[in-house]
Structures are given as structure tokens and as C-alpha cells.
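Structure first, commentary second.
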Amino acid sequence: MRIGQGFDAHCFRDGDFVMLGGVKVPHHRGLAAHSDGDVLLHALCDALLGAAALGDIGKHFPDTSGEFKGIDSRILLRRTAALIAEVGFRIVNVDCTIIAERPKIAPHVLLMRERIAEDLGLPVATVSVKATTTEKMGFAGREEGIAASAIVLLDS
């Protein structure tokens, strides 16, 4: 069995929604990024790649490549899952945390779990998504951006 953890953060920019967990969440700001800026899926990709000792998201999907400009992060997640399977691992479960003051995440959690489960070929019961704030501390607390962390368990 292998454990991997991932983290990602993006700052806010102009926009009217944020992508989180493959879900378009209405918000008065967007997230700055080369791709769609889905910090949750980026952290999850890093956790999966780390558990399999395959490097990180930047190695496989560099932000210097036009191929990934504006890409839907669900595509990156599905490609990451395929890489994990190619090297002989099976995803057991994933646990993700979104760190943000706003937008409110709770109304969107079930759909995030369903989309992640679909992309990874897992039962929804093995996918956890939750959110927390930093009680107004740091960049997330000042509402300058959003961060996410993820941990995964792989089996061979």
C-alpha cells in the first residue's frame, strides 16, 4: 500500500465562478491559472502521482505547454488515474480538503464527490471532500485565493 499527499493554491482574479472538484461554483471572483484552476483536482493529481512516485502534476502537465492552456482539470485527473493504473496501482480511497473563506462549499460537496468518483472509477463512498476556513488568517483568510489538500491510498 502507498500513501500520497498533494497541495495546491491559486489566487483570485476577475471572474464569476471557480472550478472546484470538477464543479463550476458561482463566486464573484475566478481563479488565476494556466488550466481551469481547479485547486482541488490539482492537489488530488499530485497526491496520486506522489503515492506512485511518479513526480508531480507539473512534470506530467506542464504549464509551459499550450496543450494544457485552459484545460478541464477532470481530463488531467482521468489521465493521472490512467498513469496510476499503468504502473500497477489501484486507488483505494481519497480524502480532500478545500481551504477557503468563500465561496461556501457545502452545497457542492456531493456533486464534487460524484464527479471525482466517476473520473477515478471509484464508488462515491470512497471519495471524501470537505472544506474548512483559516479563521481569517493567511492568504485564504484574507480571501486572496483558495487552497486544497488531498491524501490518497493506493494498493498494488
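These numbers come from a predicted model, not from an experiment.
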Ignoring hydrogens and angles, tell me if any N or O in the side chain of [X] forms a donor-acceptor pair with the backbone of [Y] under 3.5 Å.
| X | Y | value |
| --- | --- | --- |
| R78 | D119 | no |
| E101 | K136 | yes |
| D56 | D46 | no |
| D8 | A148 | no |
| R2 | L154 | no |

What residues, two or more places apart in sequence or in another chain, satisfy salt bridge (Lys or Arg N to Asp or Glu O under 4.0 Å) together with [X]?
| X | value |
| --- | --- |
| R13 | none |
| E86 | none |
| R90 | D155 |
| D72 | none |

If hydrophobic clusters are built by linking Ile, Leu, Val, Met, Phe, Trp and Tyr wherever their side-chain heavy atoms come under 4.5 Å apart, do [X] and [Y] end up in the same one?
| X | Y | result |
| --- | --- | --- |
| L111 | V124 | no |
| V127 | L48 | yes |
| F139 | L40 | no |
| I57 | F7 | no |
| I151 | L153 | yes |

Side-chain donor-acceptor contact under 3.5 Å, S73 with H42 =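 Looking only at side-chain atoms, H42 and S73 do form a donor-acceptor pair, the distance falling under 3.5 Å.
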[atom1]/[X] to [atom2]/[Y] distance, rounded to the nearest 0.5 angstrom?
| X | Y | atom1 | atom2 | result |
| --- | --- | --- | --- | --- |
| R74 | L120 | CZ | CG | 10.0 Å |
| K130 | M112 | NZ | CE | 13.0 Å |
| L44 | L76 | CG | CG | 11.0 Å |
| H108 | L20 | NE2 | CG | 8.5 Å |
| I116 | L77 | CD1 | CG | 7.0 Å |

Begin from the C-alpha positions of I98 and V39 and carry the test side-chain contact (heavy atoms from CB on, under 4.5 Å) through to its verdict.
-> CA-CA 8 Å; I98 299 167; V39 294; 5.5 Å; no
Do K59 and L49 come close enough that some side-chain heavy atom pair is under 4.5 Å?
->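 SC-SC contact between K59 and L49 ruled out.
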Report yes if the side chains of T80 and H60 come closer than 4.5 Å at any heavy-atom pair, otherwise no.
->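 A side-chain contact under 4.5 Å is absent here.
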Which residue pairs satisfy the ring pair (Phe, Tyr, Trp, His ring centres under 6.0 Å) criterion with at least one member in residues 15-36, sequence neighbours excluded?
->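 Passing the test, one end in residues 15-36: F12-H27.
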Sequence neighbours excluded, every pair satisfying ring pair (Phe, Tyr, Trp, His ring centres under 6.0 Å) that has a member inside residues 64-84 =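 Qualifying pairs, neighbours excluded: F61-F68.
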Do you know the tightest heavy-atom contact between [X] and [Y]?
| X | Y | answer |
| --- | --- | --- |
| G21 | R115 | O-CB, 4.0 Å |
| I75 | I71 | CG2-CD1, 3.9 Å |
| G37 | L31 | O-CD1, 3.4 Å |
| A47 | A150 | CB-O, 3.6 Å |
| I84 | A52 | CD1-CB, 3.7 Å |

Name of the residue among T134, I146, T133 meeting side-chain contact (heavy atoms from CB on, under 4.5 Å) with I99 =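 Checked T134, I146, T133 against I99; only one passes side-chain contact (heavy atoms from CB on, under 4.5 Å): T134.
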